[in-house]
Amino acid sequence: MEAMEFDSLDVKDDHNHNYCGSSGAKVRRFLGGRLSGSEVCPTTQDRERTTGRWKVRPGTAGGSRLMESDTDSESSEVSDADSPGSPAANAERKVSPDPTSKFLLNAMAVEDYRKNHWPNLEKAIDRLLIQNPTDHVSVSYAQIYGYIYKCVCQQHSELLYSDLTSKITTHLQQVSSQLQASPAENLIENFNLALTQYTASLQCIVPVFIYFNKFYIESKLNRDLKEDLMKLFADHVAEKHLSALMPLLLKAHSKPFQVQPSTMASVVKGLYSLQPEWAHLAPALFSAFIPQIHPPAVESQLPDYAAHDQKLQMELSMNGFPRGDQSRKRASEDS
């Protein structure tokens with residue numbers, strides 16, 4: 001009965017267009033060897049798995065070629081990609097630049113920096129360093145900013161920082177030499193002029209290097225450009241003349257108006273900003289211009305403070321600064 005049912009089957013195809021024959025004998029032989037209560041028509045994937053390890057795939061020159069079936073197809077494709085003449089290998093060679101060409105490109109970029117970028121920046125820095133505080137220097141800040149931006153983008157930040165600090169160091173060494181040749185009676189005023197001029201120059205130099213300061217000095221060196229440049233002045237100018245400058249400041253402080261008060265205040269405050277530890281060399285001098293140099297006052301030392309004030313008033317009166325008549329009424333009360 002079962003054989004008759006299979007013999008009566010017509011030629012049909014499943015949804016994958018896998019045809020089954022109508023011959024009952026063929027079906028029974030297939031079912032006897034393969035199936036037991038499962039699908040009658042094997043799928044295309046089943047036939048490929050039963051054909052063995054190799055299957056036919058379209059080829060190139062020969063029309064077709066044998067490829068390993070399912071399990072080894074991926075490995076063969078990888079080996080094709082790794083072959084020297086494959087498009088993947090050619091693309092990889094294009095992505096990976098030749099070390100020689102990369103070296104030449106870097107050399108060309110450095111040469112462009114040396115010939116174009118830094119010479120223009122150096123000229124502008126020279127003009128800003130030698131200017132007087134009241135002079136107007138015609139400098140294209142937009143052009144300077146453009147050169148600095150290109151230097152940072154072309155990864156010349158380290159080279160630019162080295163050139164900038166070397167340039168300013170050379171300038172400060174010249175300033176120190178000029179102060180060395182200055183007469184002692186003019187050293188305070190000349191030092192104040194040098195510090196004021198340098199500070200004014202930095203007010204122009206630092207803003208134009210703001211992009212360089214943000215993306216290299218702050219992010220890579222964890223420092224600040226203005227602080228670094230002020231430290232150069234402290235190291236190459238102030239510290240070298242501190243031993244000669246401090247006695248002159250103490251002497252001028254003991255004789256009021258021997259040096260202009262504005263000059264004294266500028267020099268003392270400038271030294272304190274360069275190196276706060278220098279205040280310990282002359283606390284009385286620095287406390288006269290900078291608050292909170294001395295420790296906080298205590299009640300037990302009030303008599304000493306009063307005696308110090310009386311001494312100061314006596315010294316002022318002896319030097320021609322009388323206190324005046326305190327008994328006079330105010331002008332508004334005379335009417």
Side-chain angles (χ1 to χ4, degrees), residues 106-182 187 189-242 266-267 269-271 273-275:
N106 292 336
M108 291 173 62
V110 173
E111 184 179 2
D112 183 53
Y113 167 84
R114 289 298 183 192
K115 288 185 177 181
N116 298 320
H117 299 339
W118 174 245
N120 291 307
L121 290 174
E122 186 177 19
K123 292 177 183 178
I125 293 171
D126 279 333
R127 299 187 65 181
L128 293 174
L129 286 175
I130 64 176
Q131 67 169 326
N132 293 323
T134 57
D135 292 344
H136 173 71
V137 179
S138 178
V139 176
S140 176
Y141 290 96
Q143 188 176 10
I144 299 174
Y145 185 87
Y147 287 128
I148 297 171
Y149 180 80
K150 290 180 181 179
C151 290
V152 175
C153 293
Q154 295 176 3
Q155 300 181 358
H156 297 316
S157 299
E158 184 177 357
L159 192 59
L160 178 60
Y161 182 79
S162 177
D163 289 339
L164 176 63
T165 53
S166 297
K167 178 65 182 178
I168 294 182
T169 298
T170 302
H171 168 75
L172 293 177
Q173 289 173 350
Q174 296 175 356
V175 171
S176 180
S177 299
Q178 294 173 359
L179 291 176
Q180 190 70 32
S182 176
L187 181 60
E189 295 181 357
N190 291 338
F191 181 86
N192 180 60
L193 179 61
L195 178 59
T196 304
Q197 182 176 347
Y198 183 73
T199 304
S201 299
L202 293 190
Q203 292 177 355
C204 299
I205 294 175
V206 173
V208 81
F209 278 84
I210 185 172
Y211 184 81
F212 173 71
N213 183 45
K214 180 179 180 181
F215 286 94
Y216 178 71
I217 299 180
E218 290 183 355
S219 61
K220 297 293 182 63
L221 305 181
N222 297 321
R223 297 202 301 267
D224 180 73
L225 178 60
K226 184 177 181 180
E227 294 178 359
D228 285 359
L229 298 183
M230 289 301 295
K231 187 177 185 303
L232 291 179
F233 188 92
D235 294 341
H236 298 283
V237 180
E239 189 172 3
K240 292 184 177 181
H241 299 277
L242 186 65
S266 178
V267 172
K269 290 180 179 180
L271 291 174
S273 64
L274 293 173
Q275 193 65 261

Evaluation steps, side chain to side chain contact (heavy atoms under 4.5 Å, CB included), between I168 and H236: CA-CA 10 Å; I168 294 182; H236 298 283; over 6 Å; no
Over 12 foreign heavy atoms within 6.0 Å of CD, E158: no
Minimum-distance pair of heavy atoms, taken over all atoms of A194 and V175: CB-CG1, 3.8 Å
Side-chain (S177) to main-chain (Q173) donor-acceptor, under 3.5 angstrom: yes
Residue pair L160 / I148: nearest heavy atoms and the distance that separates them: CD2-CG2, 4.3 Å
Minimum heavy-atom distance Y198-L229, with the two atoms named: OH-O, 2.6 Å
Aromatic ring pairing Y113/H156, orientation class (parallel under 30°, perpendicular over 60°, tilted between): tilted
Side-chain touch F209/L164, heavy atoms, less than 4.5 angstrom: yes
K226 atom NZ, over 12 foreign heavy atoms within 6.0 Å: no
OG1-CD distance between T196 and E189, expressed to the nearest 0.5 angstrom: 11.5 Å
Validation row: H117, Q154 side chains within 4.5 angstrom (heavy atoms): yes
Contact summary for F233 and L172, nearest pair of heavy atoms: N-CD1, 3.5 Å
CG (L221) with more than 12 external heavy atoms under 6.0 Å: yes
Atom pair OH/CZ of Y149 and F215 - distance to nearest 0.5 Å: 8.5 Å
Spacing of Q143 atom CD and L121 atom CG [to the nearest 0.5 Å]: 9.5 Å
Any side-chain heavy-atom pair of Y147 and N116 under 4.5 Å: no
Gap between atom CG of N192 and atom NZ of K269 - 0.5 Å precision: 12.0 Å
Spacing of CD1 belonging to I144 relative to SG belonging to C204, to within rounding of 0.5 Å: 9.5 Å
Atom of L187, atom of L179 and distance for their closest heavy-atom approach: CD1-O, 3.9 Å
Side chain H241, main chain S176, donor-acceptor under 3.5 Å: yes
Q197 versus L129, closest heavy-atom pair with distance: NE2-O, 3.2 Å
Trace of the side chain to side chain contact (heavy atoms under 4.5 Å, CB included) decision for N213 with D224: CA-CA 7 Å; N213 183 45; D224 180 73; 3.4 Å; yes
Interatomic distance, K167 atom NZ to T165 atom OG1 [nearest 0.5 angstrom]: 12.5 Å
Residues, nucleotides or ligands: over 12 heavy atoms within 6.0 Å of Y211 OH: yes
Geometric class of the F212/Y216 ring pair [parallel <30°, tilted 30-60°, perpendicular >60°]: parallel
Q155 atom CD: more than 12 heavy-atom contacts under 6.0 Å: no
Heavy-atom donor-acceptor pair, S162 side chain to L159 backbone, under 3.5 Å: no
